[in-house]
Amino acid sequence: QVQLVESGGGLVQAGGSLRLSCVASEGAFSMYAMGWFRQAPGKEREFVAGIHWSGAIRRYAGSVEGRFTISRDNGKNTVYLQMNSLKLEDTAVYYCASRRGMIVAGPNEYDYWGQGTQVTVSS
């Protein structure tokens with residue numbers, strides 16, 4: 001079983017930056033694709049970014065392309081989401097997720113989830 005714990009959320013003004021971290025339990029972390037999802041009140045959970053187990057391949061939602069960067073450190077069992085140029089519409093609970101295999105955008109295709117961390121962007 002893989003356990004994920006997110007951190008780094010908080011309140012930030014528009015245009016600012018935050019760095020989210022997700023630490024996975026010990027195990028076969030390096031063989032899992034990792035993803036970040038977010039869910040705003042009243043909205044469905046949506047894909048934000050994903051990273052291949054090797055770190056060589058990354059995918060982003062169009063809404064965050066060029067502003068967010070996903071990375072991972074397999075030695076630390078940690079995946080990061082660097083969020084720059086934050087917008088009001090980025091406000092959501094951000095979730096870390098993992099799955100075996102390729103990066104996919106569908107939340108139902110991920111096996112493990114963290115508890116989420118709140119990101120609030122203010123004007």
Side-chain angles (χ1 to χ4, degrees):
Q1 183 76 17
V2 176
Q3 298 180 39
L4 307 173
V5 180
E6 304 98 331
S7 63
L11 176 65
V12 63
Q13 65 181 186
S17 298
L18 283 174
R19 190 192 195 197
L20 306 183
S21 298
C22 172
V23 180
S25 59
E26 304 298 330
F29 175 82
S30 63
M31 298 302 298
Y32 285 79
M34 303 295 298
W36 285 98
F37 293 77
R38 67 187 182 187
Q39 188 165 20
K43 304 294 184 180
E44 295 185 348
R45 190 166 299 187
E46 66 173 342
F47 174 80
V48 176
I51 187 167
H52 185 259
W53 66 266
S54 71
I57 303 171
R58 290 176 278 197
R59 289 181 58 193
Y60 298 94
S63 59
V64 306
E65 181 73 49
R67 299 188 297 120
F68 291 9
T69 302
I70 188 171
S71 62
R72 68 190 297 164
D73 184 337
N74 289 348
K76 296 180 179 179
N77 291 344
T78 302
V79 62
Y80 305 95
L81 185 67
Q82 178 67 46
M83 305 185 295
N84 298 326
S85 301
L86 283 162
K87 304 175 180 179
L88 294 178
E89 54 263 42
D90 294 320
T91 296
V93 177
Y94 283 71
Y95 296 91
C96 176
S98 67
R99 70 183 304 274
R100 289 189 176 274
M102 301 180 297
I103 303 167
V104 296
N108 292 336
E109 300 184 64
Y110 284 75
D111 302 307
Y112 305 104
W113 293 86
Q115 81 288 349
T117 185
Q118 177 72 47
V119 172
T120 302
V121 183
S122 66
S123 60

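Here, residue 1 is the first one in the sequence, and each next residue gets the next number.
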Enquirer: Is the backbone N or O of Gln115 less than 3.5 Å from a side-chain atom of Glu6, with the two atoms forming a donor-acceptor pair by type?
Expert: yes

Enquirer: Which heavy-atom pair separates Ser21 from Thr78 by the least distance, and what is that distance?
Expert: CB-CG2, 4.4 Å

Enquirer: For residues 43-53, pull every pair meeting side chain to side chain donor-acceptor pair (under 3.5 Å), keeping only residues two or more places apart or in separate chains.
Expert: Arg38-Glu46, Gln39-Arg45, His52-Ser54

Enquirer: Mind checking whether Arg58 and Thr69 have side chains closer than 4.5 Å, heavy atoms only?
Expert: yes

Enquirer: Is it the case that atom CD in Gln13 sees more than 12 heavy atoms from other parts of the structure closer than 6.0 Å?
Expert: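 No - once you tally the heavy atoms of other residues, nucleotides and ligands closer than 6.0 Å, there are 12 at most.
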
Enquirer: Tell me who clusters with Phe47, hydrophobic residues only, linked when side chains sit under 4.5 Å apart either directly or through other members.
Expert: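 So far as hydrophobic clustering goes, Phe47 is joined with Phe37, Ile57, Val93, Tyr95, Ile103, Val104, Tyr110, Trp113.
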
Enquirer: Please report the closest heavy-atom contact between Val79 and Cys96, naming both atoms and the distance.
Expert: CG1-SG, 3.7 Å

Enquirer: Measure the CD1-OG distance between Ile51 and Ser98 for me, rounded to the nearest 0.5 Å.
Expert: 13.5 Å

Enquirer: In Å and rounded to the nearest 0.5 Å, what is the CD to OG1 distance from Gln118 to Thr91?
Expert: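 If we round to the nearest 0.5 Å, Gln118:CD and Thr91:OG1 are 7.5 Å apart.
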
Enquirer: Let me check something: do Phe68 and Leu88 share a hydrophobic cluster, defined by ILVMFWY side-chain heavy atoms less than 4.5 Å apart, either directly or through other members?
Expert: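 Per the 4.5 Å side-chain linkage, Phe68 and Leu88 are co-clustered.
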
Enquirer: Could you tell me if the side chain of Val121 sits less than 4.5 Å from the side chain of Glu89, heavy atoms only?
Expert: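 A side-chain contact under 4.5 Å is absent here.
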
Enquirer: If two hydrophobic side chains count as joined below 4.5 Å and joins carry through other members, does Tyr60 share a cluster with Met83?
Expert: yes

Enquirer: Report the C-alpha distance between Tyr112 and Tyr32 in whole Å, list the side-chain angles of each, state the deciding distance to 0.1 Å, and finish with yes or no for side-chain contact (heavy atoms from CB on, under 4.5 Å).
Expert: CA-CA 10 Å; Tyr112 305 104; Tyr32 285 79; 3.8 Å; yes

Enquirer: Looking at every heavy atom in both Val2 and Ala24, which two are closest together, and how far apart are they?
Expert: CG1-CB, 4.3 Å

Enquirer: Going hydrophobic residue to hydrophobic residue with side-chain gaps under 4.5 angstrom, can you get from Leu81 over to Val12?
Expert: yes

Enquirer: To check you understand the geometry: which heavy-atom pair defines the closest contact between Ala92 and Ala40, and what is its length?
Expert: CB-N, 3.8 Å

Enquirer: Arg19: which residues meet the side chain to side chain contact (heavy atoms under 4.5 Å, CB included) condition with it, sequence neighbours left out?
Expert: Tyr80, Gln82

Enquirer: Quick one: closest heavy-atom pair of Ser17 and Ser85, and the distance?
Expert: OG-N, 4.3 Å

Enquirer: Which atom pair, heavy atoms only, marks the closest approach of Met34 to Cys22?
Expert: CE-SG, 4.4 Å

